[in-house]
Amino acid sequence: MSENWLWWKDGVIYQIYPRSFKDSNEDGIGDLQGIIGKLDYLADLGIDAIWLSPINPSPDADFGYDVADYKDIDLKFGDLGVFDLLVAEAHQRGIRIILDLVLNHTSEKHPWFVESRSSLDNPKRDWYIWRSGSDEGRKPPNQWQSVFGGKAWEYDEQTGQFYYHMFTRQQPDLNWRNPEVYAEMMRIFRFWADRGVDGFRLDVFNNYFKDAMFRENPTKLGVRAFDRQVHLYDTNQAVMMEVVADIRSILDSYPERYVVGETFLADTKMTASYCGPGKFHAAFDFYSLIKTPWNPARYLRAIQRQDEELPVEAWPIHVFNNHDNRRIATRIRAGEDDEKLKVAAALLLTLRGTPFLYYGEEIGMRDIHVTRSEIQDPVGKHYWPIPVGRDGCRSPMQWNDEPLAGFSTVKPWLKVHPKFPTRNVASQHENPRSLLNFYKALLHLRRSYAALKGGIFIPLNHEPQRVLAYVRQDNDNRILVALNLARRRSKLAVGGEITRYKWEVLLSNKERSQSQFRKGWLELEGYEACILRQL
Ligand code: GLC
């Protein structure tokens with residue numbers, strides 16, 4: 001490994017939604033012991049780090065994203081002892097652990113909030129955002145809306161004031177302007193870093209601060225009330241930059257720690273502004289892949305936009321799936337043969353930047369269809385049927401064809417996808433042409449060729465119609481990636497500069513006897529992902 005090897009830069013990060021990965025104690029909910037039992041699977045897959053969605057104690061109004069204690073583990077997942085074991089076992093296999101810290105808000109059941117709401121003069125009162133109402137106290141202090149539905153202000157009878165919540169009313173926002181809150185938040189980073197945690201994913205970090213004067217947002221057209229505001233005053237406040245620097249300096253006092261921010265309501269430019277030396281290592285630009293439609297020109301533009309906006313020293317990340325969005329297989333209506341998904345996988349894993357995978361992506365899991373009475377997600381409960389909520393992408397991992405897909409032996413908290421008997425890890429493991437084995441091959445390739453990690457990115461065509469093609473290059477290798485996003489055969493025009501050399505096929509999801517450059521063209525089968533190396 002070269003001296004510059006940095007696990008978060010060269011590695012691939014795998015997100016686990018712990019409730020849905022593997023249940024070891026037969027309560028229908030996944031847990032840490034379940035994850036420990038699957039570490040060999042993850043090591044064999046070839047990932048470098050795991051991001052765990054929140055595992056702190058939580059009443060689950062938003063499934064872990066409403067935390068009741070930042071320094072403990074929820075009993076349904078295990079305890080600190082099992083967590084330490086998970087960290088040790090993961091480290092033994094060269095896998096790092098990234099925790100999800102939800103520091104914008106707590107659960108309403110967090111002892112801090114219980115105290116805070118108890119009286120106007122409670123010492124914790126100012127730990128949250130309390131305001132008197134307007135119009136003799138009956139109307140909310142301003143017109144801010146909650147993204148999960150309804151007004152962002154909740155009236156509390158006990159003290160006759162309103163508290164602010166950007167998400168559900170069970171998730172009151174903390175007051176980051178209070179120095180005690182601030183200090184406590186910084187202690188949370190140290191608590192987990194001291195325990196050996198390698199990195200943090202910061203939930204909606206750019207929401208920590210709101211306008212000090214609580215000015216009203218300008219309005220615009222939109223469907224939901226939340227979308228009918230320009231979020232000028234309830235998010236992305238300039239003061240956040242100081243916190244970004246403080247968090248980074250805490251993490252830099254430990255070796256090789258990583259922080260990735262989840263931006264909320266931020267475009268590529270805003271997202272990029274939080275990254276770089278002295279700032280976060282990375283932040284999610286959801287406009288890169290997850291929000292971009294299946295179109296080569298659109299992907300290319302999104303990728304280049306991210307590169308243009310990021311400071312030179314910063315590092316991009318790429319992601320197709322997470323626990324808040326429909327799975328890519330469902331979004332792009334991938335056929336059951338998974339060939340289209342292989343093209344997506346090849347794109348994700350050959351770009352310059354850190355790829356994030358989401359559990360089950362490697363076997364092409366599809367969203368489950370949830371009926372109204374089955375809805376668990378607060379977003380679905382509020383808005384159904386548009387949108388239906390986020391349960392679809394959170395169904396139990398499909399391990400094998402045993403009842404309940406080998407996830408659990410009792411009814412799981414969310415149902416298993418009905419096609420699990422044919423779509424599961426065990427069956428794909430056996431099939432050399434499966435999506436799972438294609439992911440493995442790609443991950444292996446990424447590990448073998450540094451050009452696929454740190455190499456520069458050179459697009460081969462600028463207005464691609466069907467084929468997205470680029471070269472990744474470092475001092476040792478030149479690798480050409482050609483992705484046919486169309487169902488039909490397509491040709492890629494390649495200049496003499498490319499055809500002058502001999503190329504070997506490193507990987508393709510189609511039968512290829514040779515690289516087949518003919519008269520300046522590379523021919524590709526429908527949904528072919530082809531990776532070549534210059535000899
Ligand atoms: C983030 C999480 C999402 C959660 C919300 C509130 O967007 O990804 O799942 O509901 O924050 O914490």
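Scope of the values below: all heavy atoms of this structure, side chains included, with no hydrogens, waters or symmetry mates. What you are looking at is a predicted structure, and each value in this text was computed from that prediction instead of being measured. We count ligands from 1, going down the list as the structure has it; atoms in each ligand are counted the same way.
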Review point. Strictly under 4.0 Å, does any heavy atom of Phe63 approach an atom of ligand 1?
Key: no
Exercise for review: Please identify which atoms of ligand 1 are closer than 4.0 Å to at least one heavy atom of Arg390.
Suggested key: 3 (C), 4 (C), 9 (O), 10 (O)
Check your understanding: What atoms of ligand 1 come within less than 4.0 Å of a heavy atom belonging to His323?
Key -> 2 (C), 3 (C), 8 (O), 9 (O)
Check your understanding: Does Asn206 use its side chain to pair, donor to acceptor, with the backbone of Phe264 at less than 3.5 Å?
Key -> yes
Point to revise | Flag if over 12 foreign heavy atoms under 6.0 Å of CZ, Arg298 | key: no
**Study point:** Quiz item: cation-pi between Arg326 and Tyr358, 6.0 Å / 45°
**Key:** no
Review point. Any idea which atoms of ligand 1 are less than 4.0 Å away from a heavy-atom of His105?
Key: 6 (C), 12 (O)
Exercise for review: Answer yes or no: does atom NZ of Lys109 have more than 12 heavy-atom neighbours from other residues, nucleotides or ligands under 6.0 Å?
Suggested key: no
Study note, to complete from the structure: Numbered in order shown, the ligand 1 atoms found under 4.0 Å of a heavy atom of Phe148 are 10 (O)
Review point. How far is atom 10 (O) of ligand 1 from its nearest protein heavy atom, and which residue and atom is that?
Key: Asp62 OD2, 2.5 Å
Exercise for review: Enumerate the atoms of ligand 1 whose separation from the nearest heavy atom of Val204 is less than 4.0 angstrom.
Suggested key: 1 (C), 7 (O), 11 (O)
Point to revise | Nearest protein heavy atom with distance in Å, relative to atom 2 (C) of ligand 1 | key: Asp203 OD1, 3.0 Å
Practice item. Could you establish whether Phe167 and ligand 1 come within less than 4.0 Å of each other, counting only heavy atoms on the residue side? Key: yes
Practice item. Under 4.0 Å, heavy atoms only, figure out whether ligand 1 is touched by the backbone of Arg201, its side chain, both or neither. Key: side chain
Point to revise | Residues Trp153, Ser146; criterion side-chain hydrogen bond (donor to acceptor under 3.5 Å, both in side chains); working and verdict | key: CA-CA 8 Å; Trp153 296 97; Ser146 151; over 6 Å; no
Check your understanding: Nearest protein heavy atom to atom 7 (O) of ligand 1, by residue and atom, and its distance?
Key -> Glu262 OE2, 2.8 Å
Check your understanding: Using 30° and 60° as the class limits, which term best fits the ring planes of Trp413 and Phe63: parallel, tilted or perpendicular?
Key -> tilted
Check your understanding: So do the side chains of Ile16 and Ile35 get within less than 4.5 Å of each other, counting heavy atoms only?
Key -> yes
Exercise for review: Considering the heavy atoms of Asp324, write down every atom of ligand 1 situated less than 4.0 Å from one of them.
Suggested key: 2 (C), 3 (C), 7 (O), 8 (O), 9 (O)
Check your understanding: Taking the side chain from Asp23 and the backbone from Phe407, do they hold a donor-acceptor pair closer than 3.5 Å?
Key -> no
